[in-house]
Each structure stands twice: as C-alpha cells, then as structure tokens.
Amino acid sequence: MTAVLFDFSGTLFRIESAESWLRAVLAEADLPLTDAELTRAARALEVAGAQPGGASPAALPEELAAVWAVRDESAELHRAAYTGLSRRVVLPDPALHDALYERHMDPRAWTPYPDAARVLGALREHGIAVGVVSNIGWDLRPVFREHGLDAYVDAYVLSYEHGVQKPDPRLFTVALEALGAAPAETLMVGDSRPADGGAAALGCRVHFVDHLPAADRPDALLAVLDLVGVARRPAAPTQA
C-alpha cells in the first residue's frame, strides 16, 4: 500500500458527549440548568440526532428527510439539517440551537482517538501518503491543527467543498488524484460501511473501525499498520 485514506468522525476523532456539548454552550450563554434538566435536554438532543458526529436520529422527521439525505453536500444543507433536528428539542433560549451547531465545529469539541497520532506518525515515517475523506459541512482542518495532527495529512477531501458525498466514488477519486495514488495500492479506513465502503467500487481495500467513545477504543487503528506492512512502533511513554 502506498496511501491510506481516513474518515474523520468516529475514525480519527470523536465528538464530545451530548451532555458536554450542551453544557459548554449553556456556560457560554450563562444559562444554567439543574443537573437533571441538563441531562434530560442532552438526552433529547441525542435521540433527535441533533449533534453532528453523534448519534443518528432515532426517527427522522419527514420534513427533514430530503435535506438529511444530502446534508453533507454543502455548508448550508449541513447546518439546516442539524439545526432542524435540534429545534425539535425545547431549550431555554432559541439562540442555543445555532450556538450548539457552532460549538461542534470548535476543535475543543473533538478528541483524537488514543492511537491516532501513533498510526499517522508511523505512516509518515514510512512514506505512505495520508488523505482525510469526510462527509462534512465545515472545514475540519483547524481540528487537526489544534490537536497536532495536521502535519501528518497530505490532502483533505471534504464533501461540502466538492458537492458530492460518500459513498459516491467521485469523492474518493478526488482523494486518489490528490495523493497520486492508485486504487489498488490504497487503503480506506472508516467507521461507516455504507459511506466508507464506497471506496471499494474503485478497487481500494477497505477497513472498518467501530464508532465508539475515544476511551473505549484505545488501539483499533493499529491494525492499519499491519494492513499496509508497517511495523508498529512502541507507544510514547506516559508522563508520571
């Protein structure tokens, strides 16, 4: 393998919990809720599927079905889909719905999986090109920069910048061309079989990881090194 493509959310990074997401926005707006109220509201937002990168909607409202299907094709559609779901939950101030959307784009809302830096660093050391291919409605590059992972990425291919979303092979084709990589020599790593599996149509090998909280998935990405024939380097020692 000469190149590896990675999905973003649920693969390299994990969004904060719905409760942390809501708590941060309430604190910024100086609108305190009791612990019980916050827990109920966060759970309602989670069930609604209102947090990008979080749980999918338990039941998709009919009036949002069309925009939801193409939500990652533009920034406007992405915002409309998620704020539409958020507004189905009653919050202390209607302005909180837009604030929640803004919060999910903040690098502080994202945590890299524990093995992400180790794997990306090993790929870079061995001259294997790395691309990030994401269905998304906003620029995730600042998240990588904030967490020190941008130096390991050779190309970002984001659905909203190209007007096409995974599993459409065209998005993967853009990434392959950006890296100068042949499909047969490329591995796609993601957490969504329907979306990330689209790379297989071009002849890429595909590997899936589970979309779990970062603390519950400490080393699943290490298998990528085995798949591309790179020796696993030891983890950095932890500070005492």
Side-chain angles (χ1 to χ4, degrees), residues 1-17 53-56 72 110-136 140-141 143-159 165-169 171-176 178-238:
M1 295 290 172
T2 61
V4 180
L5 306 178
F6 289 94
D7 173 52
F8 166 58
S9 175
T11 300
L12 291 175
F13 283 83
R14 171 75 181 201
I15 191 69
E16 64 188 332
S17 69
S56 297
D72 296 312
W110 295 89
T111 300
Y113 280 93
D115 52 352
R118 181 179 172 188
V119 169
L120 293 174
L123 294 174
R124 173 52 55 93
E125 287 179 5
H126 286 79
I128 295 176
V130 169
V132 173
V133 185
S134 178
N135 279 353
I136 199 164
L140 53 72
R141 294 173 183 86
V143 177
F144 280 78
R145 288 196 293 268
E146 179 69 21
H147 292 280
L149 299 184
D150 179 64
Y152 301 128
V153 180
D154 299 293
Y156 295 93
V157 179
L158 311 181
S159 60
Q165 60 189 34
K166 298 180 289 187
D168 193 315
L171 200 65
F172 300 106
T173 297
V174 171
L176 293 172
L179 298 178
E185 299 175 349
T186 300
L187 174 68
M188 174 67 208
V189 183
D191 67 301
S192 170
R193 283 168 171 75
D196 300 310
L202 296 174
C204 297
R205 186 171 182 180
V206 182
H207 176 69
F208 297 105
V209 292
D210 293 326
H211 189 149
L212 296 171
D216 296 340
R217 212 198 74 194
D219 57 7
L221 290 172
L222 295 180
V224 171
L225 301 182
D226 299 331
L227 291 170
V228 300
V230 169
R232 299 189 184 189
R233 64 180 185 178
T238 56

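Quick note: residue numbers are just sequence positions, from 1.
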If only atom types and distance count, is the side chain of R217 paired as donor or acceptor with the main-chain N or O of D210 below 3.5 Å?
yes

Side-chain contact test, heavy atoms from C-beta onward, threshold under 4.5 Å: evaluate it for S134 versus L140 and give yes or no.
yes

How far apart are the closest heavy atoms of P114 and A214, and which atoms are they?
CD-O, 3.5 Å

Nearest heavy-atom neighbours spanning L176 and P183:
CD1-CG, 3.7 Å

Nearest 0.5 Å, what's the CG-CG distance between N135 and L171?
6.5 Å

Would you check if the side chain of T186 reaches a backbone N or O of C204 as a donor-acceptor pair within less than 3.5 Å?
no

When rounded to the nearest 0.5 Å, the distance separating NE2 of H211 from OG of S9 is 4.5 Å

Can you find a pair of side-chain heavy atoms, one from F144 and one from V132, that are under 4.5 Å apart?
yes

Quick one: closest heavy-atom pair of A175 and V133, and the distance?
CB-CG2, 3.6 Å

Of the non-hydrogen atoms in L158 and R141, which two are nearest, and what is the gap between them?
CD1-NH1, 3.7 Å

With side chains defined as the heavy atoms from C-beta onward, is the minimum distance between F6 and T11 less than 4.5 Å?
yes

Under 3.5 Å, side-chain donor or acceptor atoms of residues 218-225 against the rest of the protein: list the pairs with distances, not counting sequence neighbours.
none

Of all heavy-atom pairs between G197 and V206, which one has the smallest distance, and what is that distance?
CA-CG1, 4.3 Å

To the nearest 0.5 Å, atom CD1 of I136 lies from atom OH of Y156 at 11.0 Å

Whether F13 and F8 hold their rings parallel, tilted or perpendicular, with breakpoints at 30° and 60°:
tilted

Sorted by chain and residue number, the salt bridge (charged side-chain N to carboxylate O under 4.0 Å, His left out) partners of D154 (sequence neighbours excluded) come out as R124

To the nearest 0.5 Å, tell me how far L12 CG sits from Y113 OH.
9.5 Å

What residues, two or more places apart in sequence or in another chain, satisfy salt bridge (charged side-chain N to carboxylate O under 4.0 Å, His left out) together with D226?
R232

Taking the side chain as every heavy atom from C-beta outward, state whether S159 and K166 have any atom pair closer than 4.5 Å.
no

A side-chain contact here means heavy atoms from C-beta on lying under 4.5 Å apart; do D7 and M188 qualify?
yes

Supply the atom-to-atom distance L5 CG to L179 CG, rounded to the nearest 0.5 angstrom.
6.0 Å

Supply the atom-to-atom distance L212 CG to D191 CG, rounded to the nearest 0.5 angstrom.
9.5 Å

Taking it one step at a time, do L227 and M1 satisfy side-chain contact (heavy atoms from CB on, under 4.5 Å)?
CA-CA 8 Å; L227 291 170; M1 295 290 172; over 6 Å; no

